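Step one of this worksheet: look at the structure below.
Every value quoted in this text rests on a predicted model; they were computed, and no experiment measured them. The first residue in the sequence is number 1, and the count goes up from there.
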Amino acid sequence: MNSIYHNIKSAAKSKKKLLAVLIDPDKMKLEKVSDFINKANLSIATHIFVGGSTVEEFTTEKVVIEIKKYTKLPVVLFPGDVTQLTEKADGLLFLSLISGRNPEYLVGKHVDAASKLWRTQLEVIPTGYLLIDGKNETAVARISNTSPMATEHIQQIINTAKAGEFLGMKLIYLEAGSGAKQAVDTKIISEVKKRLNIPLIVGGGIRTKQQIENAYKSGADMVVIGTAFEENEHFFEELKK
Ligand code: 1GP
């Protein structure tokens, strides 16, 4: 079954926009999951992503099991590390940090993950992950020990995204970093989108409905939001179905 990617692709084709709610297992108390997920269920959210930069081992699995009790939305791992893999989820963004040059995050962690993955039913979705400067230091940059791409280097960003596509990646994710001061610029989104033949995900620092709409209009097929929901669950009400 490869339904998660198939659905993202057909949504992108028919211009049906997608929204992923990102849950950082380290910041989500188990007893809060039901309430949070029920709010997500009533919103326009289409996916639940689970992951964080630093999560204690086994915490992710517990949170995923709890989430699955309350939703039919696909639960997709967005892991910061191999320890966050769990077969209790439906899928996995197999992220390669192609904006950086740290071999561990380009392919090293993936080798460590491989033997765990082939024993699971997880749908593995190869994803080219580009970290774009969000005007503050983010956990991704710190942990991966890579520098974000400068926002003015648009051509380099386009080339990197396109290289990801040529390498066979199925999604491109433009990331400003969790809690970014500045979300990925709409000009960057539209320039990248123009050249891509695979779906485009955008996340990091998106906090308002207007920003979501701007990202969609510029060509994002899916927007990912974590911090804004963490800090203010009322935001779900603005995004009711
Ligand atoms: C981070 O793109 C995601 O990896 C979401 O970022 O927490 O800023 O919404 P925020």
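The aromatic rings of Phe78 and Tyr173 lie parallel to each other, with less than 30° between the two planes, well short of the 60° mark.
Residues Gly52 and Pro25 come closest through the heavy atom pair N-CD, 4.2 Å. Of all the heavy atoms in Leu92 and Pro79, the pair that sits closest is CD1-CG, 3.5 Å. The nearest pair of heavy atoms linking Gly204 to Ala180 is C-CB, 4.1 Å. Residues Gly168 and Pro126 come closest through the heavy atom pair O-CG, 4.5 Å. Shortest non-hydrogen contact noted between Leu106 and Ser96 is O-OG, 2.8 Å. Shown here for Lys116 and Thr83, the closest heavy-atom pair between the two residues is NZ-CA, 4.3 Å.
Between the side chains of Tyr5 and Glu123, not a single donor N or O lies within less than 3.5 Å of an accepting N or O.
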Where do Thr46 and Lys16 land on the side chain to side chain contact (heavy atoms under 4.5 Å, CB included) test, with the steps shown first? CA-CA 11 Å; Thr46 54; Lys16 180 192 174 295; 3.8 Å; yes
Please walk me through it: do Lys181 and Thr138 pass side chain to side chain contact (heavy atoms under 4.5 Å, CB included)? CA-CA 10 Å; Lys181 260 194 198 154; Thr138 56; over 6 Å; no
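For the pair Ile37 and Ile23, the minimum side-chain heavy-atom distance is below 4.5 Å. For the pair Ile44 and Ile212, the minimum side-chain heavy-atom distance is 4.5 Å or more. Counting only heavy atoms from C-beta outward, the side chains of Lys135 and Thr151 approach each other to under 4.5 Å. At a threshold of 4.5 Å between non-hydrogen side-chain atoms, the residues Leu131 and Glu175 count as touching. At a threshold of 4.5 Å between non-hydrogen side-chain atoms, the residues His47 and Ile8 count as touching. Two residues are said to be in side-chain contact when any heavy atoms from C-beta on lie closer than 4.5 Å; Ile143 and Tyr105 meet this criterion.
Here NE2 of His153 is found 11.0 Å from CD1 of Ile188. Values are rounded to the nearest 0.5 Å. Here the CG-CG distance, from Asp112 to Leu117, works out to 11.0 Å after rounding to the nearest 0.5 Å. Taken from NZ in Lys170 to CZ in Phe94, the straight-line distance is 12.5 Å, to the nearest 0.5 Å. Atoms NZ and CE, from Lys162 and Met169 in turn, are 14.0 Å apart once rounded to the nearest 0.5 Å. Separation of atoms CE (Met149) and CD1 (Ile98) is listed at 8.5 Å; rounding is to 0.5 Å. For the atom pair CD1 of Ile206 and CD of Glu213, the computed distance is 12.0 Å after rounding to the nearest 0.5 Å.
In terms of hydrophobic clustering, with Ile, Leu, Val, Met, Phe, Trp and Tyr side chains grouped at heavy-atom distances under 4.5 Å, Val21 and Leu30 are assigned to a common cluster. Hydrophobic clustering (ILVMFWY, side-chain heavy atoms < 4.5 Å, transitive): Val107 and Val82 are in distinct clusters. Hydrophobic clustering of Ile, Leu, Val, Met, Phe, Trp and Tyr side chains at less than 4.5 Å, counting indirect connections, keeps Val55 apart from Leu93. Under the 4.5 Å side-chain heavy-atom criterion for ILVMFWY residues, no single connected hydrophobic cluster contains both Leu42 and Leu19. Residues Phe58 and Leu85 do not share a hydrophobic cluster, defined by chaining ILVMFWY side chains whose heavy atoms lie under 4.5 Å apart.
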Show me, pair by pair, the donor-acceptor contacts under 3.5 angstrom made by side chains of residues 215-229, not counting sequence neighbours?
{"residue": "Tyr216", "atom": "OH", "partner": "Leu18", "partner atom": "O", "Å": "2.8"}
{"residue": "Ser218", "atom": "OG", "partner": "Asn214", "partner atom": "O", "Å": "2.5"}
{"residue": "Asp221", "atom": "OD1", "partner": "Lys193", "partner atom": "NZ", "Å": "3.3"}
{"residue": "Asp221", "atom": "OD2", "partner": "Lys193", "partner atom": "NZ", "Å": "2.7"}
{"residue": "Asp221", "atom": "OD2", "partner": "Leu200", "partner atom": "N", "Å": "2.8"}
{"residue": "Thr227", "atom": "OG1", "partner": "Ser178", "partner atom": "OG", "Å": "3.3"}

Please list, one pair per line, the donor and acceptor atoms closer than 3.5 Å that link side chains of residues 61-76 to other protein atoms, with sequence neighbours excluded.
{"residue": "Glu61", "atom": "OE1", "partner": "Thr86", "partner atom": "OG1", "Å": "2.7"}
{"residue": "Glu66", "atom": "OE1", "partner": "Lys69", "partner atom": "NZ", "Å": "2.8"}
{"residue": "Lys68", "atom": "NZ", "partner": "Asp90", "partner atom": "OD1", "Å": "2.8"}
{"residue": "Lys68", "atom": "NZ", "partner": "Asp90", "partner atom": "OD2", "Å": "2.9"}
{"residue": "Thr71", "atom": "OG1", "partner": "Asn41", "partner atom": "OD1", "Å": "2.7"}
{"residue": "Thr71", "atom": "OG1", "partner": "Leu73", "partner atom": "N", "Å": "3.0"}

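For Arg142, there are no side chain to side chain donor-acceptor pair (under 3.5 Å) partners, not counting sequence neighbours. Considering only residues two or more places apart in sequence or on other chains, Asp81 meets the salt bridge (charged side-chain N to carboxylate O under 4.0 Å, His left out) condition with Lys109.
A donor-acceptor contact shorter than 3.5 Å is absent between the side chain of Asp26 and the backbone of Thr59.
Heavy atoms of other residues, nucleotides or ligands lying less than 6.0 angstrom from NZ of Lys9 number 12 at most. Within a 6.0 Å sphere centred on CD of Glu237, heavy atoms belonging to other residues, nucleotides or ligands number more than 12.
For residues 37-49, every residue pair satisfying the salt bridge (charged side-chain N to carboxylate O under 4.0 Å, His left out) rule, not counting sequence neighbours, is listed here: Asp35-Lys39, Lys39-Glu233. Applying the salt bridge (charged side-chain N to carboxylate O under 4.0 Å, His left out) test to residues at least two apart or on different chains, the pairs with a partner in residues 194-211 are Glu191-Lys194, Glu191-Arg195, Arg207-Glu231.
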